[in-house]
A.B. asks: 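Dumping the structure here so I can ask a few things about it.
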Amino acid sequence: MAELLAPFDMQVIAAGALSIDEPEENGETFIENARIKSLHAARTSHLPALSDDSGLVIPALNGQPGIYSARWGGPDKNYLAAMEKVKELLLLETGEIIGHLAHFTCALSLAFPNGKTLDFEGKVHGTLTFPPRGTNGFAYDQIFIPNGHEMTFAEMEPAKKYKISHRAKAFNQLIRDVF
């Protein structure tokens, strides 16, 4: 976030640096979870706060892992295990593992100490592939091929990925509407 906000001459301070604990993410959507985090940080710090929530949505798995994307990797956020779980469930549910539609979603919430929030959401659609490919990126990037491309997010140069990513789309909305 600091890199994305750098052109706006803003000082970005992580919640952890202010000793702000993480609230329980008990929302039912990416926006709700981002809002929970941003409101908690804004009210605790008495400063505007920006939070995100993001994940992979697979329609063939009824939207899973969705808001639970990070938790699928367990307490250590082992995304190799999470990708294996995706593979196993796709095989169990559909008999196929290649070519399933999926999208990444990123929700951003900008909250103010008075409780006002501004929310933004970006998505990038694509398909899944196995086995995982690439060494760039993180989380599910190794199995996600964005529409119009042949490489997974993890095979792309980071600068190229960031230009088309769900996070970039959400940040572009934030920049357009706030700055």
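Nothing fancy with the numbering, it's 1 onward along the sequence. We use all heavy atoms of the structure for the numbers below, so side chains are in, but hydrogens, waters and symmetry mates are not. This is a predicted model, so every value here is computed, not measured.
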A.B. asks: From Thr117 OG1 over to Ile36 CD1, what is the distance, rounded to the nearest 0.5 angstrom?
C.D. replies: 11.5 Å
A.B. asks: Within the side chain of Asn33, is there an N or O that forms a donor-acceptor pair under 3.5 Å with the backbone of Asp53?
C.D. replies: no
A.B. asks: How long is the span from the CZ atom in Phe130 to the CD atom in Glu96, to the nearest 0.5 Å?
C.D. replies: 12.0 Å
A.B. asks: Going by the rule side-chain hydrogen bond (donor to acceptor under 3.5 Å, both in side chains), which residues pair with Asp52 if we only count those two or more places apart in sequence or in a different chain?
C.D. replies: Arg167
A.B. asks: Could you give the side-chain donor-acceptor pairs of residues 62-71 under 3.5 Å, partners two or more places apart or in another chain?
C.D. replies:
from	atom 1	to	atom 2	distance (Å)
Gln64	NE2	Leu61	O	3.3
Ser69	OG	Leu56	N	2.9
Ser69	OG	Gly66	O	2.6

A.B. asks: Just to verify, what does Phe120 make a ring pair (Phe, Tyr, Trp, His ring centres under 6.0 Å) with, not counting sequence neighbours?
C.D. replies: none
A.B. asks: Could you check if a side-chain atom of Ser51 sits within less than 4.5 angstrom of a side-chain atom of Arg35, using non-hydrogen atoms only?
C.D. replies: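 The answer is no, as the side chains (C-beta and beyond) never meet within the 4.5 Å cut-off.
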A.B. asks: Would you list the atom pairs, donor with acceptor, under 3.5 Å between side chains in residues 73-90 and any protein atom, with sequence neighbours excluded?
C.D. replies:
from	atom 1	to	atom 2	distance (Å)
Asn78	OD1	Leu80	N	3.0
Asn78	OD1	Ala81	N	3.0

A.B. asks: Given the rule that I, L, V, M, F, W and Y join up when any side-chain heavy atoms are under 4.5 Å apart, are Leu47 and Val178 in one cluster?
C.D. replies: no
A.B. asks: Following the transitive rule for hydrophobic clusters with a side-chain heavy-atom cut-off under 4.5 Å over Ile, Leu, Val, Met, Phe, Trp and Tyr, establish whether Val124 and Leu108 coincide in one cluster.
C.D. replies: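 No, separate clusters.
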A.B. asks: Is there a donor-acceptor contact under 3.5 Å from the side chain of Gln173 to the main chain of Glu121?
C.D. replies: yes
A.B. asks: Taking all heavy atoms of Pro48 and all of Pro113, pick out the closest pair and write down the distance.
C.D. replies: N-CD, 4.1 Å
A.B. asks: Among the clusters formed by ILVMFWY side chains lying less than 4.5 Å apart, do Leu50 and Ile31 turn up in the same one?
C.D. replies: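 No: no chain of side-chain contacts under 4.5 Å links Leu50 to Ile31.
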A.B. asks: Nearest 0.5 angstrom please: His166 NE2 to Thr105 OG1, how far?
C.D. replies: 7.5 Å
A.B. asks: What distance separates Phe171 CZ from Arg176 CZ, expressed to the nearest 0.5 Å?
C.D. replies: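 Phe171 CZ to Arg176 CZ: 14.0 Å, rounded to 0.5 Å.
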A.B. asks: Ring-plane angle category for Phe153 and Phe104, please: parallel below 30°, perpendicular beyond 60°, tilted otherwise.
C.D. replies: parallel
A.B. asks: Identify the heavy atoms of Ala107 and Ala34 that sit nearest to each other, and give their distance.
C.D. replies: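 Reported closest heavy-atom pair: O-CB, 3.7 Å.
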A.B. asks: What do the steps show when you test Ser109 against Ser38 for side chain to side chain donor-acceptor pair (under 3.5 Å), and what is the final call?
C.D. replies: CA-CA 6 Å; Ser109 181; Ser38 67; 2.8 Å; yes
A.B. asks: Please tabulate, one pair per line, all N/O donor-acceptor pairs under 3.5 Å involving side-chain atoms of residues 10-26, not counting sequence neighbours.
C.D. replies:
from	atom 1	to	atom 2	distance (Å)
Asp21	OD1	His40	NE2	3.0

A.B. asks: Are Phe144 and Phe138 connected in the hydrophobic side-chain network, where two residues link if heavy atoms are under 4.5 Å apart?
C.D. replies: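 Phe144 and Phe138: separate clusters.
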A.B. asks: Could you measure the distance from the CD1 atom of Ile98 to the CD1 atom of Ile145? Nearest 0.5 Å is fine.
C.D. replies: 8.0 Å
A.B. asks: Evaluate the side-chain proximity of Phe112 to Leu110: yes if any heavy-atom separation is below 4.5 Å, no if none is.
C.D. replies: yes
A.B. asks: Considering non-hydrogen atoms only, spot the tightest contact between Ala41 and Ala49 and give its length.
C.D. replies: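 Heavy-atom minimum between the residues: CB-CB, 3.6 Å.
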A.B. asks: Could you tell me which non-hydrogen atom of Pro146 sits nearest to which non-hydrogen atom of Met156, and how far apart they are?
C.D. replies: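 Looking at all heavy atoms of both residues, the closest pair is CG-CE, 3.4 Å.
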A.B. asks: Test: side chain to side chain donor-acceptor pair (under 3.5 Å). Region: residues 126-149. Which pairs qualify, not counting sequence neighbours?
C.D. replies: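 Checked against side chain to side chain donor-acceptor pair (under 3.5 Å) - neighbours excluded - the pairs reaching residues 126-149 are Arg133-Glu155, Asp141-Lys161.
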A.B. asks: Can you see which heavy atom on Cys106 is nearest to which on Ala170, and at what distance?
C.D. replies: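 Between these two residues, the closest heavy atoms are O-CB, 3.6 Å.
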A.B. asks: Nearest 0.5 Å please: distance from the CG atom of Leu128 over to the CD1 atom of Ile97.
C.D. replies: 10.0 Å
